[in-house]
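Please read the structure below before turning to the comments.
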Amino acid sequence: MEYELDTIRDAPKRRERDFVSLFNALWYKDFPVVYGKERGVSRANWTTHIASVVKQSSDLLGLLTRFETGNRTDAVIQRFESDRLWAKVEWEWIQVFRPQVNELCKLREAADSCDVSIFIGYAHIDNREVSLNKIREEWNGCGKPLLIFLITFREIEDRARVFDKLETYRITNGSLRRIRRQPALPWQVEGSRWQAERGQ
């Protein structure tokens with residue numbers, strides 16, 4: 001039986017949910033870190049990994065991804081037959097509450113040009129709440145939804161980051177809701193082949 005996604009009731013929300021599920025699953029694919037070698041992976045490795053996960057998720061939804069377009073947005077996602085953007089995507093290595101981070105402002109200014117905005121960022125486990133409060137403050141009053149993929153981490157010597165959780169949130173009309181939480185490192189996933197390969 002054939003169907004067109006947009007004829008299904010609640011199609012925009014389904015597309016969001018599908019993207020969230022795919023992003024969280026594909027986060028572990030081609031992971032740029034292996035167990036015992038957590039250090040030495042550069043910021044560029046994570047930027048490339050995020051771009052890859054965004055593109056793979058979009059591809060599986062039949063959407064087109066373009067990078068560094070329109071006011072230097074990290075990525076835009078659109079349907080092939082339409083000029084209308086489905087999403088604008090920004091990601092940033094620096095923690096979101098820092099004053100030099102302007103990605104949320106860029107997304108907010110462009111929110112009317114797309115159906116949903118997506119922010120991917122990092123927060124030290126001690127700064128998780130202040131980061132979420134900053135996101136809520138920046139998005140206050142915007143009626144368009146924002147999907148947030150927040151990777152929490154702790155620091156070891158030389159300020160190297162060791163990831164803890166990948167948390168997914170949705171904010172709209174001032175309401176922030178966590179919709180998913182999973183280990184950020186694949187070998188921490190209970191019962192997974194990555195954990196088995198680690199020998200646990």
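FYI, side chains are in, hydrogens and waters are out, and symmetry mates aren't considered; it's all heavy atoms of this structure.
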Are the side chains of [X] and [Y] in touch, meaning some heavy atoms are under 4.5 Å apart?
X	Y	answer
Ile135	Glu138	no
Gln95	Phe153	yes
Val54	Thr65	yes

CA sep, side-chain torsions, deciding dist, call: Arg161, Glu155, salt bridge (charged side-chain N to carboxylate O under 4.0 Å, His left out): CA-CA 5 Å; Arg161 293 181 179 184; Glu155 288 182 339; 5.1 Å; no
Atom CZ of Arg154: over 12 foreign heavy atoms under 6.0 Å: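 Check fails, neighbour count at 12 or below.
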Stepwise side chain to side chain contact (heavy atoms under 4.5 Å, CB included) test for Val189 and Tyr28: CA-CA 10 Å; Val189 179; Tyr28 298 131; 3.3 Å; yes
Side chain to side chain contact (heavy atoms under 4.5 Å, CB included) between Tyr169 and Leu132, intermediate numbers included: CA-CA 9 Å; Tyr169 297 85; Leu132 291 172; 3.5 Å; yes
Could you grab the distance from atom [atom1] of [X] to atom [atom2] of [Y], nearest 0.5 Å is fine?
X	Y	atom1	atom2	value
Trp86	Leu64	CH2	CG	13.0 Å
Ser57	Leu22	OG	CG	5.0 Å
Glu90	Arg108	CD	CZ	15.5 Å
Ile148	Arg177	CD1	CZ	11.5 Å
Gln182	Trp27	CD	CH2	9.5 Å
Ile77	Ser58	CD1	OG	3.5 Å

Residue pair Trp91, Phe119: steps toward the ring-ring contact (aromatic ring centres under 6.0 Å, His included) verdict: CA-CA 6 Å; Trp91 52 85; Phe119 175 73; 9.9 Å; no
Any donor-acceptor pair under 3.5 Å from Ser192 side chain to Gln195 backbone: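 Yes; judged by distance alone, with no hydrogens or angles, the pair exists.
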Check: Val20 main-chain N/O paired with Asn24 side-chain donor or acceptor under 3.5 Å: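 Yes, the answer is positive, given that a donor and an acceptor are paired below the 3.5 Å cut-off.
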Which atoms form the tightest heavy-atom contact between [X] and [Y], and what is the distance?
X	Y	value
Ala111	Lys144	O-NZ, 3.4 Å
Ile171	Leu176	CB-CD1, 3.9 Å
Ala184	Ile151	CB-CG2, 4.2 Å
Asp18	Leu61	CB-CD2, 3.5 Å
Leu60	Leu26	CD1-CD1, 4.0 Å
Leu107	Ser117	O-OG, 4.0 Å

Worked check of side chain to side chain contact (heavy atoms under 4.5 Å, CB included) between Arg136 and Ser175: CA-CA 8 Å; Arg136 188 184 290 111; Ser175 175; over 6 Å; no
Joint cluster assignment, [X] & [Y], ILVMFWY side-chain distance < 4.5 Å:
X	Y	value
Ile179	Ile118	yes
Val130	Leu150	no
Ile125	Val162	no
Val33	Tyr122	yes
Ile50	Leu185	yes

Sequence neighbours excluded - salt bridge (Lys or Arg N to Asp or Glu O under 4.0 Å) pairs with any residue from residues 120-132: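 Listed once each, the pairs are Arg128-Glu167.
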Salt bridge (Lys or Arg N to Asp or Glu O under 4.0 Å): pairs with one or both residues in residues 54-67, sequence neighbours excluded: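 The answer is Lys55-Asp59.
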Stepwise side chain to side chain contact (heavy atoms under 4.5 Å, CB included) check, Arg79 with Leu63: CA-CA 5 Å; Arg79 295 171 54 185; Leu63 302 172; 3.5 Å; yes
Pair Phe23-Phe149, ring-ring contact (aromatic ring centres under 6.0 Å, His included): steps then yes or no: CA-CA 9 Å; Phe23 187 96; Phe149 297 92; 4.1 Å; yes
Short side-chain donor-acceptor distance under 3.5 Å, Gln56 and Lys29: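 Checked: Lys29/Gln56 side chains pair up, N/O donor to acceptor below 3.5 Å.
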Side chains of Asp30 and Ser52, donor plus acceptor under 3.5 Å: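 No, no side-chain donor-acceptor contact under 3.5 Å.
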Salt bridge (charged side-chain N to carboxylate O under 4.0 Å, His left out) evaluation trace for Glu92 with Arg43: CA-CA 10 Å; Glu92 178 54 59; Arg43 175 178 176 171; 3.1 Å; yes
Those residues that, when tested against Pro145, pass side-chain contact (heavy atoms from CB on, under 4.5 Å) (two or more places apart):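 Testing Pro145 for side-chain contact (heavy atoms from CB on, under 4.5 Å), a comparison that skips the adjacent residues, returns Glu16, Val116, Arg170, Thr172.
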Chi angles and distances behind the ring-ring contact (aromatic ring centres under 6.0 Å, His included) call for Trp46, Phe31: CA-CA 9 Å; Trp46 292 113; Phe31 203 68; 5.4 Å; yes
